[in-house]
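Below you'll find the structure, written out as structure tokens, and then a few comments.
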Amino acid sequence: MSKALLDDLTWRGSIAQSTDRAELEKYLSSPGASLYLGFDPTAPSLHIGNLVALTLLRRFQLAGYKPIALVGGATGLVGDPSGRSAERSLNEADLVADWVDQIRKQLEGFLDFTGKNAAIMANNLDWTAPVSAIEFLRDIGKHFSVNQMLAKDSVASRLESGGISYTEFSYQVMQAFDYLELFRRHNCALQIGGSDQWGNIVAGVDLIRRVEAKSAHALTIPLLAKADGTKFGKTAEGAIWLDPTMTSAYALFQFFLNSDDRDVEQLLKTFSFKSRSELEALFESLKTNPGAREAHRELAREVTTLLHGADQAQKVEVAAKALFGQGEIRDLDIETLKSSLAELPKTRIKKGEEIPSWVDLVTSSGVVESKSAARRVIKEGGAYLNNEKITGEDFTPKSSDLLHGQFLLLRKGKRDLVAVEITD
RNA sequence: GGUGGGUUGCCCGAGUGGCCAAUGGGAGCGGACUGUAAAUCCGCCGGCUUAGCCUUCAGUGGUUCAAAUCCACUACCCACCA
């Protein structure tokens with residue numbers, strides 16, 4: 001069981017580093033083995049990058065292990081220096097508390113809290129807040145060597161680039177304390193995380209060995225690297241969020257559908273719960289018939305379904321098909337059109353008001369930043385009304401251009417769509 | 001504390017009185033090709049009531065017909081010296 005899982009993870013490229021593999025297998029073979037993964041509240045939602053490790057946690061639960069999802073109500077107040085070239089600015093405590101709630105809800109949707117290996121939700125503020133500074137320094141701090149702390153990547157790189165505050169320097173101790181606490185409370189002896197968390201995780205492994213004289217384990221998953229060298233999950237508009245009010249299901253679907261061919265295999269291995277043979281069939285299709293983008297579509301479909309449900313996933317896929325239409329947009333019946341446009345950003349015009357000129361319409365739709373930019377795009381042939389290229393600057397849409405008398409579909413370039421709706 | 005250097009458009013970085021909305025590169029955007037991909041090629045890339053006008057080169061004030069470029073002060077950064 002444990003070996004099969006680890007072999008599968010290895011095939012997926014989901015193991016960056018681990019503590020002794022044989023020992024880890026042994027632990028995973030023991031009854032009731034559990035593992036934990038922590039997230040700090042640094043925003044009101046998790047983002048797609050967080051989903052990498054979260055997916056891994058879910059795999060473990062599906063394989064029969066007990067997952068513990070930890071939200072860093074305490075560590076989020078301090079700030080993790082890992083992967084950061086400069087000091088973080090501290091967030092207000094009540095803001096962080098609010099984010100903890102939001103993230104907790106997202107995590108709850110991702111794991112199963114029933115059954116014999118029901119997931120556990122934890123917040124490190126629960127055990128960190130009651131500890132006094134003196135207790136912390138005597139009981140925990142005493143087990144840490146500053147020499148070793150300084151050697152950690154997260155600290156060493158910061159010492160070279162402008163320094164680090166005592167606050168962030170202490171972060172690894174707090175995370176180690178978390179691991180110790182979960183070890184004590186739930187007998188949890190495996191912590192997983194992104195590969196940037198290795199240093200923080202082994203700090204906990206060391207602490208458990210020193211305090212409890214027991215061995216605990218660490219497993220990290222590689223940070224996703226894109227073929228073009230840019231960071232996964234970031235777009236020009238910002239991060240891809242799991243919260244549908246921050247990144248719509250439609251945008252999420254499009255994000256994955258538009259993946260670089262070279263990245264699709266790794267993305268499927270990372271996020272998909274399909275079997276190895278199913279995935280290999282998709283990789284084959286990617287090679288032999290890349291234009292069909294079957295693998296991209298499955299990827300987009302599966303992630304969207306996982307995060308927003310099958311209904312939503314189905315809807316946005318149908319919408320995308322209709323809007324990028326093989327078919328004629330005017331032929332869509334009103335219901336299909338309406339539900340498709342519902343997935344897009346919207347601009348409204350009051351009924352009875354004149355339809356603005358083409359330049360103004362493109363500007364107010366928000367696909368460009370200024371009128372000058374709108375003029376440029378129009379002149380360059382990048383502005384489309386109802387999927388038809390319109391290059392005339394002095395053009396003004398007429399009421400006969402309205403789809404079903406109340407909608408216009410604007411497009412900038414190949415994929416930037418906006419709906420214009422005439423409202424009462 | 002002393003001396004010297006720097007602060008330019010999203011980023012890097014040229015420009016040392018007019019020809020500067022400002023060279024070049026990157027990012028971004030549009031087009032062509034294709035597959036809502038990549039690569040490549042072409043174009044764009046401060047704003048506006050767009051053949052013209054307006055506002056930008058850390059900030060403030062000054063010199064000049066004319067300043068990103070000269071002067072003064074302020075703020076921040078860097079280097080060498082103590």
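Small disclaimer: the values here were computed from a predicted structure and weren't measured. Naming: A, B, ... by sequence-line order, numbering from 1 per chain.
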Let me spell it out: for each of A/Lys371 and A/Ser259, pick the nucleotide of RNA chain B with the closest heavy atom. Which residue's pick is nearer the 5' end?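 Its nearest nucleotide being more 5', the pick is A/Ser259.
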Taking for each residue the nucleotide of RNA chain B with the nearest heavy atom, is it A/Arg375 or A/Lys389 whose nucleotide lies nearer the 5' end?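 With A/Arg375 and A/Lys389 compared, the 5'-side residue is A/Lys389.
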Donor-acceptor pair, A/Glu135 side chain versus A/Ser132 backbone, under 3.5 Å?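 Here the side-chain-to-backbone pair exists.
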I'd like to know if the side chain of A/Arg12 and the backbone of A/Ser272 have a donor-acceptor N/O pair within less than 3.5 Å.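 Yes; at least one donor-acceptor contact below 3.5 Å.
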How is [X] classified with respect to the nucleic acid when contacts are heavy atoms under 4.0 Å: base, sugar-phosphate, or nothing?
{"X": "A/Asn258", "value": "base"}
{"X": "A/Arg293", "value": "base"}
{"X": "A/Ala320", "value": "base"}
{"X": "A/Glu393", "value": "nothing"}

I'd like to know if A/Lys321 reaches the base of B/U36 with its side chain such that a donor and an acceptor end up less than 3.5 angstrom apart.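 Checked by distance alone, the answer is no.
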Integer angstrom distance from the [atom1] of [N] to that of [M]:
{"N": "B/U8", "M": "B/G15", "atom1": "C1'", "answer": "9 Å"}
{"N": "B/C76", "M": "B/A27", "atom1": "P", "answer": "35 Å"}
{"N": "B/G35", "M": "B/C45", "atom1": "C1'", "answer": "27 Å"}
{"N": "B/G25", "M": "B/U40", "atom1": "P", "answer": "14 Å"}
{"N": "B/U69", "M": "B/A22", "atom1": "C1'", "answer": "11 Å"}
{"N": "B/U36", "M": "B/A21", "atom1": "P", "answer": "42 Å"}
{"N": "B/U3", "M": "B/C73", "atom1": "P", "answer": "13 Å"}

The side chain of [X] lies closest to which of these nucleotides: [options]?
{"X": "A/Arg262", "options": "B/U36, B/A37, B/A38", "value": "B/A38"}
{"X": "A/Phe324", "options": "B/U36, B/G47, B/G35", "value": "B/U36"}
{"X": "A/Lys414", "options": "B/G30, B/G47, B/U36", "value": "B/U36"}
{"X": "A/Lys412", "options": "B/A38, B/G30, B/U36", "value": "B/G30"}

To the nearest Å, give me how far apart [atom1] ([X]) and [atom2] ([N]) are.
{"X": "A/Asp260", "N": "B/U34", "atom1": "CG", "atom2": "C1'", "result": "14 Å"}
{"X": "A/Ile390", "N": "B/G30", "atom1": "CD1", "atom2": "C1'", "result": "16 Å"}
{"X": "A/Arg297", "N": "B/U36", "atom1": "CZ", "atom2": "C1'", "result": "9 Å"}
{"X": "A/Asp394", "N": "B/U49", "atom1": "CG", "atom2": "C1'", "result": "15 Å"}
{"X": "A/Leu344", "N": "B/U36", "atom1": "CG", "atom2": "C1'", "result": "13 Å"}
{"X": "A/Tyr384", "N": "B/C29", "atom1": "OH", "atom2": "C1'", "result": "13 Å"}
{"X": "A/Lys379", "N": "B/C42", "atom1": "NZ", "atom2": "P", "result": "19 Å"}
{"X": "A/Glu294", "N": "B/A37", "atom1": "CD", "atom2": "P", "result": "19 Å"}

With both distances kept under 3.5 Å, what pairs with [N], Watson-Crick or G-U wobble?
{"N": "B/A37", "value": "none"}
{"N": "B/C57", "value": "none"}
{"N": "B/C29", "value": "B/G43"}
{"N": "B/U49", "value": "none"}
{"N": "B/C76", "value": "B/G6"}

Test log, rule side-chain contact (heavy atoms from CB on, under 4.5 Å), inputs A/Phe144 and A/Leu207: CA-CA 8 Å; A/Phe144 284 81; A/Leu207 181 64; 3.8 Å; yes
If you look at every heavy atom in A/Ser34 and A/Ile68, which pair is closest and at what distance?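 Shortest heavy-atom separation between A/Ser34 and A/Ile68 comes out as OG-CD1, 4.3 Å.
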Plane angle bin for A/Phe256 and A/Phe271 - parallel if under 30°, tilted between 30 and 60°, otherwise perpendicular: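 Correct class here is perpendicular.
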Student check: side-chain heavy atoms of A/Lys66 and A/Ile120 closer than 4.5 Å: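 Contact flag for A/Lys66/A/Ile120 side chains = yes.
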Between A/Asp394 and A/Trp358, is any pair of side-chain heavy atoms under 4.5 Å apart?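 Heavy-atom side-chain distance check fails, nothing below 4.5 Å.
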Distance below 4.0 Å between A/Ser370 side-chain N/O and B/C48 OP1 or OP2: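 Looking at the OP1 and OP2 atoms of B/C48, one of them is under 4.0 Å from a side-chain N or O of A/Ser370.
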